[in-house]
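All ligand and atom numbering here is 1-based and tracks the order in the structure.
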Amino acid sequence: MKEESGCVLLSEYKNREFISALEREMTPEYRNLVQLVEDPKAAADDFSHLKLPESMAAVVLHRDEQEMFSGKAFCEKDPRQALHYEEVPVPVPGPGEVLVAVMASAVNFNNVWSSIFEPAPGFSYIADFARMRVENQKHQQDYHIIGGDAAGVVVRTHPSVHNWKPGDRVTLHGGVNDVSEPAVFYDSVQDPHGRAWGFETNFGAFAYFTVVQQHQLLPKAEHLSWEEAASMNLVTTTAYRMLVSDNGARMRQGDNVLIWGASGGLGSIAIQMVRNGGGVPIGIVSSEKKAAVVRKLGCERVIVLEREPGKDLFLDESGRTKGRQVLRLKALIRRLTDGEDCDIVFEHTGRSTFAASVAVAKAGGKVVTCGSTSGYNHVFDNRYFWQTVKKIIGSHGANYYEAAQAVRLICKGMLTPVLSEVYPLSRTADAIFKMHSGEQIGKLGILNLAPSERMGIRNRELREKIGEQRINILRTSLSGEGGAIC
Ligand SMILES: NC(=O)c1ccc[n+]([C@@H]2O[C@H](COP(=O)([O-])OP(=O)(O)OC[C@H]3O[C@@H](n4cnc5c(N)ncnc54)[C@H](OP(=O)(O)O)[C@@H]3O)[C@@H](O)[C@H]2O)c1
């Protein structure tokens, strides 16, 4: 037992605390559902005829607490104060929607934003979403179930749904779209009514059930367990659009790709994608411990840049670019690349790093950005941009087609999970707090209805071919054989 971190080893996991918590919460209806999910002979009718519970456990924010952090700094806002684990009604699917029993889910940085009510409370996004169409009104509640990554089983479909049926084993895509919008048929990310599931809508992943639109469904990789499959979609689909898609940086063989936050969720998938595509990943991390993880993922070129809390890495107090720091970074990169600059900079870290990202990209190079962890008011020296004809590409999630292409790579085993820890649903707030503190590595998984880890694996042949070591690369390297459960 690892006393100091509150973690227990996998072998000790299937015991006391968690099992008894499940037994308390799981009524016979839930037990039957979990049994059916694990039965390889279960057919669509078995799921359709199964009596479903009326209420479920969920991790929620409360409308009357959305001002609780007013006036506090980012680091003072503790997600654990805002998140509640409680019983709420099971939602009912409307036109074009399905009800999914969530076996497992995963933490993403947007859960941090939701739980500290930044940049605005989720309730305001949901109010806007509810005004769009009558079917969305059910999302407006006094609670907000957050979460944007899940794997599970379809248990109910609205009669208007034809491509999917009860019993289908799925992972979920985060793009909620209005299919009456012309832009959706061009690129659903450009849908003016598009919303991020579980961030700007209700009924997110951290519950026993979720209601989603049929075009959020994607197949589950059957060589992966529920928690492994659940941990992959959001970061993989986002990185795919950023690096591979025609809408992103269109990485080519031999490209040098600078990856900020290389040991994080996006970064550790980006490393795999760059290597698969014949590029050269150069990872940036904040500690030697994280550098070791990144090397383990196959990124040989790593730069460690330590940060002081609350201070921008490349901007001085008056917001001007720290020229010397930028030149130092450029020199470090060149040392790792035989004197070359970066073709692509993979950005999501925001204000603190953006000025450097623009400056270190090669002439004609691209900075592709999907986020702003350290602040969204970016400042950069425009001379480094226009004179060397660089491009800045904005990217947000992925469209359904890009998401399907990315999930295909997961299903073929060409991208593997970067899960480092797994928590029970009741402790989701602790996992989100860990991400808020910047201490997590890779992805943090959550067990929703799955009573234990490593359930849901059907394609053992492919799993064996890829190897347990590779599938559990961050778990075995961080905590010894078997990984840790928190
Ligand atoms: N628009 C979209 O579709 C989309 C999708 C996914 C994620 N995002 C955004 O992308 C960001 C990253 O997401 P994630 O899931 O990869 O988060 P993550 O797992 O927490 O990883 C982020 C990494 O960034 C590094 N970092 C944090 N602050 C930094 C700073 N000031 N300077 C340099 N590095 C810093 C940290 O690594 P070190 O400690 O090693 O530096 C951390 O591991 C979040 O802001 C998220 O909201 C956007």
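Proximity of Leu234 to ligand 1, defined as any heavy-atom pair under 4.0 Å, is confined to the side chain (atoms from C-beta onward). Of the heavy atoms in Lys290, only side-chain atoms (C-beta onward) come closer than 4.0 Å to ligand 1. Contacts between Thr353 and ligand 1 below 4.0 angstrom, taking non-hydrogen atoms only, involve the side chain exclusively. Contact annotation: for Val285 versus ligand 1, heavy atoms closer than 4.0 Å belong to both the backbone and the side chain. Both the backbone and the side chain of Cys370 come within 4.0 Å of ligand 1, judged by heavy-atom distances.
The N/O atoms of Gly265, backbone and side chain alike, include one that comes under 3.5 Å of an N/O atom in ligand 1. For ligand 1, the polar-atom distance check finds no N/O of Trp260 at less than 3.5 Å from any of the ligand's N/O atoms. Checked against a 3.5 angstrom limit, the closest N/O atoms of Gly442 and ligand 1 fall outside it.
Crowding of Glu306 atom CD: a count of heavy atoms from other residues, nucleotides or ligands under 6.0 Å not exceeding 12. Atom CZ of Arg63 is surrounded by more than 12 heavy atoms from other residues, nucleotides or ligands within 6.0 Å. Counting non-hydrogen atoms of neighbouring residues, nucleotides and ligands closer than 6.0 angstrom, the CG atom of Asn163 exceeds 12 such neighbours. Within a 6.0 Å sphere centred on CD of Glu300, other residues, nucleotides and ligands contribute 12 heavy atoms or fewer. The environment of Arg133 atom CZ is dense: over 12 non-hydrogen atoms of other residues, nucleotides or ligands sit within 6.0 angstrom.
Nearest protein heavy-atom neighbour of atom 16 (O) of ligand 1: Leu266 N, 2.9 Å. For atom 32 (N) of ligand 1, the closest non-hydrogen atom on the protein side is Arg307 CD, 3.4 Å. Considering only non-hydrogen protein atoms, atom 39 (O) of ligand 1 sits nearest to Ser286 OG, 2.7 Å. Ranking the protein heavy atoms by distance from atom 12 (C) of ligand 1 puts His348 ND1, 3.3 Å first. Scanning the protein for heavy atoms near atom 11 (C) of ligand 1, the closest one is Thr373 OG1, 3.4 Å.
With respect to Ser372, the side chain to side chain donor-acceptor pair (under 3.5 Å) criterion is satisfied by exactly one of Arg351, His348, Glu347, His378: His378. Between Asp341 and the choices Arg335, Lys366, Arg334, the salt bridge (Lys or Arg N to Asp or Glu O under 4.0 Å) rule is met once, by Arg334.
Counting atoms of ligand 1 from 1 in the listed order, those under 4.0 Å from a heavy atom of Trp113 are 45 (O), 47 (O). Against a heavy-atom cut-off of under 4.0 Å, Ser374 is close to the following atoms of ligand 1: 31 (N). Of all atoms in ligand 1, numbered sequentially from 1 with element shown, those under 4.0 Å from a heavy atom of Gly261 are 23 (C), 24 (O), 25 (C), 37 (O). Close approach of ligand 1 to Gly264 (heavy-atom distance below 4.0 Å) involves ligand atoms 19 (O), 21 (O), 43 (O). If you number the atoms of ligand 1 from 1 as listed, the ones under 4.0 Å from a heavy atom of Ser352 come out as 31 (N).
Between Lys322 and Glu317, none of the side-chain N atoms (NZ, or NE/NH1/NH2) sits under 4.0 Å from a carboxylate O, so this pair counts as no salt bridge. Between Glu421 and Arg427 there is no salt bridge, since none of the side-chain N atoms of the basic residue sits less than 4.0 Å from a carboxylate O of the acidic one. Under a 4.0 Å N-O distance rule, the pair Arg241/Asp187 qualifies as a salt bridge.
Annotation: Phe74 is in aromatic contact with His436 [ring centroid separation under 6.0 Å]. In summary, the aromatic rings of Phe129 and Trp197 are positioned with their centroids too far apart to meet the 6.0 Å limit.
Taking the six-membered ring where the residue is Trp, Phe123 and His144 present perpendicular rings, their angle passing 60° and hence far from 30°.
Between atom 13 (O) of ligand 1 and the options Tyr376, Phe199, Phe109, the minimum heavy-atom separation is to Phe109. The heavy atom nearest to atom 3 (O) of ligand 1, out of those in Gly438, Gly394, Gly397, is found in Gly397.
The shortest heavy-atom distance from Gln440 to ligand 1 is under 4.0 Å.
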